[in-house]
Amino acid sequence: VKKLSSTADPSFQRKEVCVMPYAIMRFEKRKGGPASAIEKHHERKKPRYASNPDVDTDRSHLNYHLVEPRHKYYAEIQSRIEQAQRKNPKLKVRRDSVKFIDTIVTATPDYLTQLPPEQVRRYFERALEFFSREVGAENIFSAVVHMDEKTPHLHLCFTPITVDGRLSAKEILGNRA
């Protein structure tokens, strides 16, 4: 605690406040149709981003993958579902089934922007380790860190396949996202 000055009222003191950084996560359940548009954004396949003025394409070379997709997103999703169906022939995929989860992971902007790049990378690596344990590393098909916007963030996509081979976003996330 610092006193403002010797002439100030002694009962009035300014406190130095340390803001605690928060992890921020957003989950969106997706049915498969928007996979191509999401891939274009995450993988920076568009020449301009009119819908998001925060994207600085001059800094896109600073983006990096923690998990790089081997194929297009839709193919990644389908191959995981087909693999689950081979293991569990009773698995039925309805037309309205959630086929993948689009996740954004970041932190309090003031916290991330003051970290050196190697610590930012470690933050997102630890987030990936967490998701690998929680949803299964085999279900994650893309994890890309965007350093070309105001606040660094991780886009992580996974197919919600349970340990027993069912497609169930509800079981993995609950019914809230």
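Side-chain N or O atoms of Lys31 include none that pairs as donor or acceptor with a backbone N or O of Ser97 at under 3.5 Å. Looking only at distances, a side-chain donor or acceptor of Arg59 sits under 3.5 Å from a matching main-chain atom of Met147. Although no hydrogens or angles enter the test, the distance criterion places a donor-acceptor pair under 3.5 Å between the side chain of Glu76 and the main chain of Arg70. Between the side chain of His155 and the backbone N or O of His153, no donor-acceptor pair lies under 3.5 Å. Of the possible polar contacts, none joining the Ser132 side chain to the Gly136 backbone as a donor-acceptor pair under 3.5 Å is found.
Note on Phe158 and Ile104: separate hydrophobic clusters, where clusters join Ile, Leu, Val, Met, Phe, Trp and Tyr whose side-chain heavy atoms are under 4.5 Å apart, directly or indirectly. Put simply, Phe130 and Leu115 are part of the same group of oily side chains (I, L, V, M, F, W, Y) that touch within less than 4.5 Å, one to the next. Note: the hydrophobic cluster containing Leu167 does not contain Ile101 (ILVMFWY, side chain heavy atoms under 4.5 Å, direct or indirect links). In terms of hydrophobic clustering, with Ile, Leu, Val, Met, Phe, Trp and Tyr side chains grouped at heavy-atom distances under 4.5 Å, Ile172 and Ile81 are assigned to different clusters. Leu62 and Val120 fall within the same hydrophobic cluster, defined by Ile, Leu, Val, Met, Phe, Trp and Tyr side-chain heavy atoms under 4.5 Å apart, directly or through other members.
In terms of heavy atoms, Leu112 sits closest to Pro152 at CD1-O, 3.3 Å. The minimum heavy-atom distance linking Lys150 with Thr113 is given by the pair O-CG2, 3.8 Å. Pairing each heavy atom of Thr151 with each of Ala107, the nearest pair is CG2-O, 4.1 Å. The minimum heavy-atom distance linking Ile161 with Asn139 is given by the pair O-ND2, 3.0 Å. Of all heavy-atom pairs spanning Ser142 and Tyr73, the tightest one is OG-OH, 2.9 Å. The minimum heavy-atom distance between Lys99 and Ile77, with the atom names listed, is O-CG2, 3.6 Å.
The CD atom of Glu129 sits 7.0 Å away from atom CZ of Arg133, with the distance rounded to the nearest 0.5 Å. Rounded to the nearest 0.5 angstrom, Cys157 SG and Ile38 CD1 are separated by 6.5 Å.
Ion pairing of Glu43 with Lys72 is absent here, as no side-chain N (NZ or NE/NH1/NH2) approaches a carboxylate O to less than 4.0 Å. Taking 4.0 Å as the cut-off between side-chain N and carboxylate O, Glu28 and Arg30 count as a salt-bridged pair. Comment: Arg122 engages Glu125 in a salt bridge, judged by a side-chain N to carboxylate O separation of less than 4.0 angstrom.
The ring of His42 has its center no closer than 6.0 angstrom to the ring center of His65.
There is no side-chain donor-acceptor pair under 3.5 Å between Tyr74 and Glu39. There is a side-chain donor-acceptor pair under 3.5 Å between Asp148 and Ser60. Inspection of the Thr108 and Asp110 side chains reveals no N or O donor paired with an N or O acceptor under 3.5 Å.
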Working note: His41 + His146, criterion side-chain contact (heavy atoms from CB on, under 4.5 Å); need CA distance, chi angles, decisive distance, verdict. CA-CA 10 Å; His41 172 76; His146 283 177; 4.0 Å; yes
How far apart are the C-alpha atoms of Val135 and Leu173, what are their side-chain angles, what is the distance that settles it, and do they pass the side-chain contact (heavy atoms from CB on, under 4.5 Å) test? CA-CA 9 Å; Val135 304; Leu173 293 180; 5.8 Å; no
Run the numbers on Asp164 and Asn88 for side-chain contact (heavy atoms from CB on, under 4.5 Å), then give the verdict. CA-CA 8 Å; Asp164 63 348; Asn88 178 4; over 6 Å; no
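Looking only at side-chain heavy atoms (C-beta outward), Asp102 and Phe27 stay at 4.5 Å or farther from each other. Counting heavy atoms from C-beta on, the side chains of Thr103 and Arg26 never come closer than 4.5 Å. With contacts defined as side-chain heavy-atom distances shorter than 4.5 Å, the pair Val144/Leu154 does not qualify.
Between Tyr123 and Tyr111, the ring planes lie perpendicular to each other; the angle is over 60°, past the 30° to 60° tilted range.
For the pair Arg80 and Phe141, the cation-pi test (distance below 6.0 Å, angle within 45°) is failed.
Open room surrounds CZ on Arg126; 12 or fewer heavy atoms of other groups in view lie less than 6.0 Å from it.
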